[in-house]
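Structure, as structure tokens:
These numbers come from the heavy atoms of this one structure, side chains and all, not from hydrogens, waters or symmetry mates. Numbers restart at 1 for each chain; the letters A, B, ... are given by sequence-line order, proteins then strands.
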There are 2 protein chains.
Amino acid sequence: MSATEERPTALRPTRQRVAITDALRSAADFQSAQDIHDNLRRAGDKVGLATVYRTLQAMAESGEVDVRHNPAGEATYRRCSEAHHHHLVCRSCGRTVEITGSAVERWAHAIADEHGFTDVTHTVELVGLCADCAAAAARE
Amino acid sequence: MSATEERPTALRPTRQRVAITDALRSAADFQSAQDIHDNLRRAGDKVGLATVYRTLQAMAESGEVDVRHNPAGEATYRRCSEAHHHHLVCRSCGRTVEITGSAVERWAHAIADEHGFTDVTHTVELVGLCADCAAAAARE
DNA sequence: GGGTAGATTGAGAGTCGTTCCCGAGTGTCC
DNA sequence: GGACACTCGGGAACGACTCTCAATCTACCC
């Protein structure tokens with residue numbers, strides 16, 4: 001790993017990449033690569049599955065999209081706001097709430113400092129039962 | 001899903017299940033099903049891969065183990081210890097520090113309450129550069 | 001506008017984790 | 001001890017994802 005190279009992230013805005021970006025923009029929730037691929041095909045955009053995976057991976061790496069694994073183990077993607085945030089997910093229906101919590105950020109930094117770690121990123125995920133699903137479960 | 005049956009969770013303590021439980025107990029960290037299967041084989045415990053998956057799934061369902069997906073998308077399992085903790089991992093050398101932070105626990109509960117979620121569990125992972133690796137990188 | 005180098009694409013085969021199937025084996029209860 | 005249901009395990013099947021490589025496209029220079 002050399003420190004000199006200045007990765008320009010010069011991703012060419014090809015037809016395929018634009019289409020994938022658009023698909024993500026118009027989707028409110030997490031979508032699997034296969035979903036995106038299907039939707040594009042259905043909309044008449046002929047894009048290869050490999051390209052969809054490649055593009056999503058590149059976008060995830062550059063922080064343009066969030067990646068999550070659904071309970072089936074499938075990777076799902078969603079365009080994310082630039083602002084760093086976390087997720088609160090319902091384990092029953094999959095509903096997702098975005099959370100921005102400066103409290104965790106502070107905590108993470110404090111812990112990192114305490115142990116001499118620098119340049120720390122963190123992943124936080126809360127999984128629970130949303131009010132609707134809890135009510136449905138109680139009704140049985 | 002019927003509400004009448006009272007699944008007794010009467011899992012027979014077979015040799016295989018005991019072996020898997022022991023393997024989980026002796027492992028400090030998240031392990032994939034394949035890891036567990038390999039370890040059991042190596043230790044001379046002949047257990048089928050299908051059995052490992054089945055057992056882990058049953059244990060996850062009954063809340064005995066935590067399930068997580070590692071970046072490769074592989075499901076990993078860990079015995080749900082009473083002492084809940086998180087990890088601070090060095091992205092360069094892989095060194096891991098265990099963290100117990102009641103601050104995050106409180107934060108997680110507060111957030112869950114705020115959004116009407118119940119029965120919330122959370123995963124937190126901090127990834128950074130440990131002091132040694134940071135020094136080594138600066139020396140270049 | 002034309003030419004060129006290098007990035008990007010896509011079809012399909014390959015890999016890998018996981019689940020399903022079903023005959024054989026084992027534990028439990030009477 | 002015997003009957004019966006639960007459990008096991010090997011291997012095939014499945015599905016998500018990655019790799020390969022020739023063809024195509026884009027940015028850039030002249």
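Of all nucleotides listed (dC8(D), dT8(C), dG10(C)), dC8(D) comes nearest to the side chain of T51(B).
When rounded to the nearest whole Å, the span between NE2 of H37(A) and C1' of dT18(D) equals 15 Å. One interatomic measurement links the two molecules: CG of D38(A) to P of dG15(D), which rounds to 13 Å at whole-angstrom precision. If you take CG of L56(B) and C1' of dT7(D), they are 15 Å apart, rounded to a whole angstrom. Distance, I36(B) CD1 to dG9(D) P: 15 Å, rounded to whole Å. In this structure, R17(B) places its CZ atom 10 Å from P of dG9(D), rounding to the nearest Å.
Backbone-only engagement by T14(A) is indicated by non-hydrogen atom pairs under 4.0 Å involving sugar-phosphate atoms exclusively.
Not a single donor-acceptor pair under 3.5 Å links the side chain of H37(A) to the backbone N or O of G48(A).
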- Query: What does nucleotides 18-24 of chain C look like as a protein-contact string, B for base, S for sugar-phosphate only, - for none, at under 4.0 angstrom between heavy atoms?
  - Reply: BBBB---
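Residue K46(B) places no side-chain N or O under 4.0 Å from the OP1 or OP2 atom of dC8(D). Within the structure, every side-chain polar atom (N or O) of R15(A) is placed at least 4.0 Å from both OP1 and OP2 of dT24(D). Distances shown here put a side-chain N or O of Q16(A) below 4.0 Å from the OP1 or OP2 atom of dG10(C).
Judged purely by distance below 3.5 Å, without hydrogens or angles, the side chains of Q34(B) and S32(B) never pair a donor atom with an acceptor atom. A donor and an acceptor atom, one from each side chain of E74(A) and H69(B), are nowhere located under 3.5 Å apart.
Fit an axis to the five pairs at each end of the helix from dG1(C)-dC30(D) to dC30(C)-dG1(D) and the two axes sit 30° apart, to the nearest 10 degrees.
Here the shortest heavy-atom pairing between G128(A) and F117(B) reads C-CD2, 4.0 Å.
For H109(B), the NE2 atom sits in a loose shell: 12 or fewer heavy atoms of surrounding residues, nucleotides or ligands are nearer than 6.0 Å.
Using cut-offs of 30° and 60° for the angle between ring planes, the H122(B) and H86(B) rings count as tilted.
Scored by the ring pair (Phe, Tyr, Trp, His ring centres under 6.0 Å) test, Y53(A) finds no partners at all (sequence neighbours excluded).
The pair R25(B)-D22(B) meets the salt-bridge criterion, since a charged nitrogen lies less than 4.0 angstrom from a carboxylate oxygen.
Only one option out of V52(B), D45(B), T14(B), N39(B) pairs with I20(B) in a side chain to side chain contact (heavy atoms under 4.5 Å, CB included); it is V52(B).
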